[in-house]
Undergrad: 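Take a look at this one; I'll ask things after.
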Amino acid sequence: MASDLGQIAQLLDATLDPTKYKKAEGKLKLEEKKPQFALQLLKIVATESLETKIRLSGALCFKNFIRHNYVDEDRNYKIPVDEVGTIKQELIGLMIACPATIQTQLGEAISIIADSDFWDRWDTLVADLVSRFSPDNFKINNGVLEVAHSIFARWRPLFRSDDLYVEINHVLSTFAVPFLTLLSATDQQIEAHSNDKAALKGYFETMSLLIKVFYDLSCQDMPPQFESNLQHISTLLHKYLVYENPLLATDDDSEAGVVEIVKADICEALELYVTKFDDDFGPYTQVFVSSAWNLLSAIGPETKYDNLVSRALHFLTAIANTTQHSGAFNDENVLGQVVEKVVLPNVALRESDVELVEDEPIEFIRRDLEGSDTDSRRRAATDFLRQLQGRFEQLVTTVAGRYINHYLEQGKTSWKDKDTAISLFLSIAANGAVTATHGVKTVNPLVNVVDFFQLHVANDLISDSVEPIAKVDAIKYLYTFRSQLTKEQWQAAFQPLIQNMGSSNYVVYTYAAICVERLLYLTNDAGTRIFGRADIEPFAKDLLDHLFKLVEKENSPAKMQENEFLMRCIMRVLIVMNTGIQDYVDMLLNHLVGITNIIKTNPSNPRFYYYHFEALGAVVSYGSSAGTLKLEDRLWEPFNLIITEEVNEFMPYVFLIFSKLLELNPSGALPNHYQALVPLLMLPTLWETRGNVPALTRLLAAIIPRAAPSIVAENQVQSILGIFQNLLRSKRTETNAFDLLESVVVSINRAAIEPYFKDILALLFTKLQSNPSESFKLRFVRFYHLVSAKADSGLGADFFISQVDLVQHNLFVQIYLGIILPTSELLARPVDRKLAVISFAKSLGDSAAFAQRYVKGWRFTCEAMLKMLMNPPKVTASTVDDMIDEADVDDIGFGLAFTPLSTCKKGARDDFPETQDIQSWVRQYLTEANTRHSGAIAGFMDRLTDEGRRAMAIYVS
């Protein structure tokens with residue numbers, strides 16, 4: 001029975017009510033299972049008589065439905081094909097007709113569909129878009145271009161591949177020429193409506209989208225259609241880079257006008273063309289450099305220009321990075337103009353920055369330190385000067401040094417001028433990138449960062465009479481150059497840094513907490529912490545107590561979660577203290593449980609509660625030498641409430657902490673409260689949320705050994721294997737499937753699992769036949785060795801072979817020779833290689849099949865075992881993934897060991913660009929370093945923990 005339109009609209013309205021949304025969302029989940037649910041949502045979005053908020057809620061619901069229910073990971077449709085066709089047929093026209101806020105949600109839905117279907121299963125899309133272009137209707141064009149941009153922007157971060165270029169060429173063959181025609185037509189319409197404010201604004205919005213799509217189409221390579229029209233395109237881009245019309249100026253100093261948006265879009269495109277296509281674009285470059293320079297020299301300090309200024313500076317930075325054009329800056333007078341007219345106005349503290357410190361201090365901190373201010377003026381100006389300094393080190397240092405000395409002198413009476421001097425010094429003192437993990441790794445040899453700190457900065461760290469920003473500058477200086485200070489120098493600076501955590505100023509104590517956390521994270525070249533447990537133990541308890549008081553100053557859930565930097569510092573202190581926290585575990589639990597009870601009513605900051613549960617995990621790991629009973633009793637009530645109240649954001653963490661408690665005390669009967677969880681863990685709905693899967697798998701795998709008799713007695717083996725089967729279907733969860741299967745094989749007696757073993761093998765063999773991943777083959781081989789090595793428990797190689805024969809007679813020969821023997825030598829973890837050697841040895845010594853039926857196999861097995869004993873493991877992508885999954889929790893903290901980076905979904909990486917391709921980075925590092933043991937992996941992962949945590953916070957939520 002199809003869903004009822006009116007009922008769905010009521011439920012969508014109810015989801016906007018904080019008192020009704022949970023119940024409404026539950027009912028919407030039921031409606032999702034009915035036929036034509038997606039089409040009903042589109043009808044609601046299209047119904048103009050409904051309130052806009054309901055239509056927007058419908059668009060959002062449609063987007064999320066498509067995200068989770070459109071296709072599986074093998075691109076098989078999960079909804080009827082006729083519905084798919086109708087959605088594609090109706091969606092473009094609907095989006096174009098909707099208001100802008102709804103267009104955004106539908107555009108994202110189209111992008112999700114395109115991820116799966118474009119272009120081979122939606123080859124009519126581009127022609128459909130082109131057919132809708134209008135020479136004079138900006139509303140229609142804006143809708144079409146929004147769709148185009150949502151699809152083509154996917155190309156920007158991708159690596160080059162044949163398939164990608166086939167897709168791009170398919171688009172260009174149909175889209176490029178009409179696009180250029182529309183670009184010229186829009187230019188003509190802007191000219192024709194130069195005195196019509198409403199029309200002019202609409203056409204400028206079209207121009208902005210056109211330039212964004214221009215970037216999309218060029219991001220991989222310059223389209224030949226653009227190359228043959230490059231002069232015309234350059235002329236048009238320059239026209240709008242210098243365009244002015246008072247009709248489009250905004251009165252609000254914080255709101256960028258459409259002209260500023262277009263100019264910023266142009267600068268972004270210019271940066272791309274200078275960086276990638278300078279051979280072709282070079283002849284047109286100089287006029288843009290002059291215009292960008294003039295723009296930056298004349299533009300005001302208002303925040304509405306911030307994005308434009310930063311984009312223009314990015315363009316000039318790209319110019320400075322080219323051999324062909326950078327020579328123009330190799331002149332003392334020119335560099336003086338650069339510093340005076342471009343750099344100084346944009347690194348200087350503005351009144352709007354001071355207001356942000358006072359009104360939204362947490363936002364100021366995030367922009368300044370966390371990297372969320374990539375498009376800020378200060379960051380862009382710093383990058384520009386740093387790029388010039390990299391090419392002309394002596395000259396830039398000399399020129400900038402004069403301005404630094406001038407502003408230091410002025411700074412004796414003006415703290416703002418001193419802030420400018422310090423910011424300018426930071427710009428030229430660092431060589432290369434400033435990393436999140438170690439700050440500045442190498443410095444400009446022409447300056448002395450320690451002397452500068454002692455002469456000009458250190459006093460502000462300890463003085464009580466300076467402005468808060470001056471203290472922040474001092475702390476930020478330590479934060480930036482933390483790798484350049486020796487242990488002795490840090491010991492002198494550490495106590496004043498701690499004292500600043502007692503400041504009444506929000507920004508000062510938060511910066512101090514950030515710097516302390518980064519210092520405790522810092523390691524030397526050998527991987528040893530600069531500041532360890534012994535360095536902080538005398539005051540760790542007081543420090544933690546003070547940090548908790550800062551967190552708990554606010555009682556509302558949203559405000560309590562606002563400052564994740566404080567909670568991250570708490571987490572880091574606990575990790576560094578290790579078992580040293582055992583004397584005050586009760587105090588820690590009082591605070592952490594109290595915070596849990598408050599924020600669970602409205603989880604709003606994933607980063608905060610990630611660090612919060614990291615901290616709880618550290619207490620669980622290190623908090624008791626006498627067992628976990630006390631911790632279990634203390635945590636059971638608040639955690640059980642999270643489960644019963646279905647606080648979905650927290651449930652993965654709860655399951656993980658429960659599993660850790662069980663793993664710390666693996667013997668004895670399963671406590672009653674865990675026993676009560678077992679039926680809940682069997683519910684399929686719990687496993688449908690992918691973020692729950694790693695945590696649920698680990699918890700169930702920890703429960704099975706201690707509850708094996710009751711699991712068998714209550715006929716729950718089949719339910720567990722049903723979960724295994726579901727997990728095995730997806731490449732994303734097949735590793736979790738093996739974790740569960742191994743726990744069953746190790747813990748459940750042969751009599752209970754034998755009736756299912758043939759079917760288990762059939763599932764595995766089917767997967768092996770369908771182009772399995774390398775990691776799947778490794779896990780299959782590990783599973784074989786686990787069974788083969790357990791001859792004493794009634795399993796062993798002969799049992800495995802007999803079960804294979806039930807699937808297909810003599811199939812074992814193919815599996816053994818084709819997969820098990822060649823893959824075994826790829827096992828890299830010491831425990832896996834040890835298991836394989838034991839398995840081979842028992843096959844050689846105890847197996848009747850190898851002694852009688854597979855005589856040749858005996859020799860092959862002996863050779864394989866000797867190879868494993870003689871040769872070190874080979875590091876591959878999959879073995880790296882496995883090692884990361886098994887990284888030492890004591891080294892890297894609680895969360896990464898529970899939720900490995902390999903499970904991080906694309907959305908998290910998009911939110912935090914530094915996590916993109918992090919897995920391939922690890923692999924490359926390990927391959928080049930020829931790393932051969934998991935300890936080195938854990939050490940490397942320790943240096944990646946921050947990026948991983950940020951990704952995981954979004955992923956798990």
Side-chain angles (χ1 to χ4, degrees), residues 610 613-614 616-618 620-621 628 631-632 635-636 639 642-643 648-667 670-671 673-675 677-684 686-708 711 716 719-721 723-724 726-728 730 732-748 775 779 782-783 786 829 831-832 881-890 892-904 934 938 941 948-949 952 955-957:
Y610 182 84
F613 282 103
E614 281 267 3
L616 264 172
V620 167
S621 297
T628 60
L631 293 170
E632 289 171 351
L635 294 175
W636 171 252
F639 281 10
I642 288 171
I643 295 172
N648 295 322
E649 295 88 345
F650 289 0
M651 286 172 71
Y653 299 110
V654 168
F655 296 143
L656 290 171
I657 292 178
F658 277 154
S659 66
K660 183 64 177 177
L661 287 165
L662 286 170
E663 290 162 356
L664 289 171
N665 185 22
S667 60
L670 189 69
H673 45 256
Y674 288 112
Q675 194 74 52
L677 279 177
V678 175
L680 174 70
L681 300 182
M682 302 297 175
L683 294 176
L686 205 57
W687 295 81
E688 288 174 0
T689 302
R690 186 173 169 259
N692 287 342
V693 170
L696 287 169
T697 302
R698 186 162 180 174
L699 177 55
L700 192 51
I703 285 175
I704 290 170
R706 294 180 63 177
I711 286 173
Q716 292 173 327
S719 299
I720 294 172
L721 293 177
I723 295 170
F724 155 77
N726 287 331
L727 295 178
L728 193 67
S730 170
R732 293 179 176 179
T733 57
E734 62 189 18
T735 299
N736 304 114
F738 274 109
D739 291 340
L740 208 54
L741 181 60
E742 288 176 4
S743 182
V744 170
V745 169
V746 168
S747 309
I748 305 295
S775 62
R779 290 304 300 266
R782 190 170 99 176
F783 172 68
L786 182 66
R829 299 189 318 154
V831 66
D832 292 342
D881 289 344
D882 288 341
M883 289 180 187
I884 290 172
D885 291 357
E886 299 294 334
D888 186 0
V889 68
D890 291 338
I892 64 173
F894 180 68
L896 280 179
F898 283 157
T899 313
L901 282 172
S902 56
T903 64
C904 179
S934 59
M941 289 306 297
R949 284 201 176 96
M952 288 308 102
Y955 164 68
V956 175
S957 67

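Heavy-atom basis, side chains included; hydrogens, waters and symmetry copies ignored. In what follows, residues are counted from 1 in the order of the sequence shown. Every value quoted in this text rests on a predicted model; they were computed, and no experiment measured them.
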Undergrad: Under 4.5 Å between any side-chain heavy atoms of Tyr610 and Tyr653, yes or no?
TA: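 With C-beta onward as the side chain, the pair touches.
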
Undergrad: In Å and rounded to the nearest 0.5 Å, what is the OG1 to CG distance from Thr735 to Leu727?
TA: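 One finds 10.5 Å between OG1 of Thr735 and CG of Leu727.
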
Undergrad: Is the backbone of Thr733 close enough, under 3.5 Å, to the side chain of Arg690 for a donor and an acceptor to pair up by distance?
TA: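 No: the side chain of Arg690 does not pair with the backbone of Thr733.
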
Undergrad: Side chains of Leu635 and Leu616: closer than 4.5 Å at any heavy-atom pair?
TA: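 With C-beta onward as the side chain, the pair touches.
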
Undergrad: Do the side chains of Val693 and Arg732 get nearer than 4.5 Å, heavy atoms only?
TA: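 Not in contact.
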
Undergrad: Rounded to the nearest 0.5 Å, how far apart are CD1 of Ile703 and OH of Tyr674?
TA: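 The distance works out to 8.0 Å.
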
Undergrad: Where the side chain of Thr689 meets the backbone of Gly691, is there a donor-acceptor pair that is under 3.5 Å apart?
TA: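 Not a single qualifying donor-acceptor pair exists.
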
Undergrad: Go through the steps to decide whether Asn726 and Trp687 satisfy the test side-chain contact (heavy atoms from CB on, under 4.5 Å), and finish with yes or no.
TA: CA-CA 9 Å; Asn726 287 331; Trp687 295 81; over 6 Å; no

Undergrad: Provide the closest heavy-atom pair for Asn736 versus Thr697 in the form atom of the first, atom of the second, distance.
TA: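 Heavy atoms only, the tightest pair is O-CG2, 3.3 Å.
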
Undergrad: Any chance you could measure Leu700, atom CG, to Gln716, atom CD, to the nearest 0.5 Å?
TA: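 One gets 9.5 Å once the value is rounded to the nearest 0.5 Å.
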
Undergrad: At their closest point, which heavy atom of Leu664 faces which heavy atom of Ser621, and how far apart are they?
TA: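 Closest approach of Leu664 to Ser621, heavy atoms only: CD1-CA, 4.3 Å.
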
Undergrad: Do Val620 and Thr628 have side-chain heavy atoms sitting under 4.5 Å apart?
TA: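 No, their side chains stay 4.5 Å or more apart.
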
Undergrad: Indicate the ring-plane relationship of Phe783 and Phe738, choosing parallel, tilted or perpendicular according to the 30° and 60° boundaries.
TA: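 Because their plane-to-plane angle lies in the 30° to 60° range, the rings of Phe783 and Phe738 count as tilted.
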
Undergrad: So how far is it from Arg782 CZ to Asp832 CG, rounded to the nearest 0.5 Å?
TA: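 Atom-to-atom, Arg782:CZ and Asp832:CG are 4.5 Å apart.
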
Undergrad: For the side chain of Ser659 and the backbone of Leu656, is there at least one donor-acceptor N/O pair under 3.5 Å apart?
TA: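 Side chain of Ser659 to backbone of Leu656: a pair is present.
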
Undergrad: With rounding to the nearest 0.5 angstrom, report the CG to CG distance, Leu686 to Leu696.
TA: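 Atom-to-atom, Leu686:CG and Leu696:CG are 4.5 Å apart.
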
Undergrad: Of all heavy-atom pairs between Ser775 and Glu734, which one has the smallest distance, and what is that distance?
TA: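 So the minimum-distance heavy-atom pair works out to OG-OE2, 3.9 Å.
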
Undergrad: Just wondering, do Arg779 and Asp739 contact through their side chains at under 4.5 Å, heavy atoms?
TA: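 Yes, side chains in contact.
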
Undergrad: At their closest point, which heavy atom of Phe655 faces which heavy atom of Ala695, and how far apart are they?
TA: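 Where Phe655 meets Ala695 most closely, the heavy atoms are CB-CB, 3.8 Å.
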
Undergrad: For residues Pro705 and Ser743, determine if any side-chain heavy atom of one lies less than 4.5 Å from a side-chain heavy atom of the other.
TA: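 They are in contact (side-chain heavy atoms under 4.5 Å apart), so the answer is yes.
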
Undergrad: I want to check something: taking the side chain as every heavy atom from C-beta on, are Ile704 and Leu740 in contact at a cut-off of under 4.5 Å?
TA: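 Yes. Closest side-chain heavy atoms under 4.5 Å.
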
Undergrad: Determine whether Ile643 and Leu677 make a side-chain contact, defined as any pair of heavy atoms from C-beta on separated by less than 4.5 Å.
TA: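 Sidechains of Leu677 and Ile643: in contact.
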
Undergrad: What is the distance from atom CG of Leu681 to atom CG of Leu699, rounded to the nearest 0.5 Å?
TA: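 One finds 5.0 Å between CG of Leu681 and CG of Leu699.
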
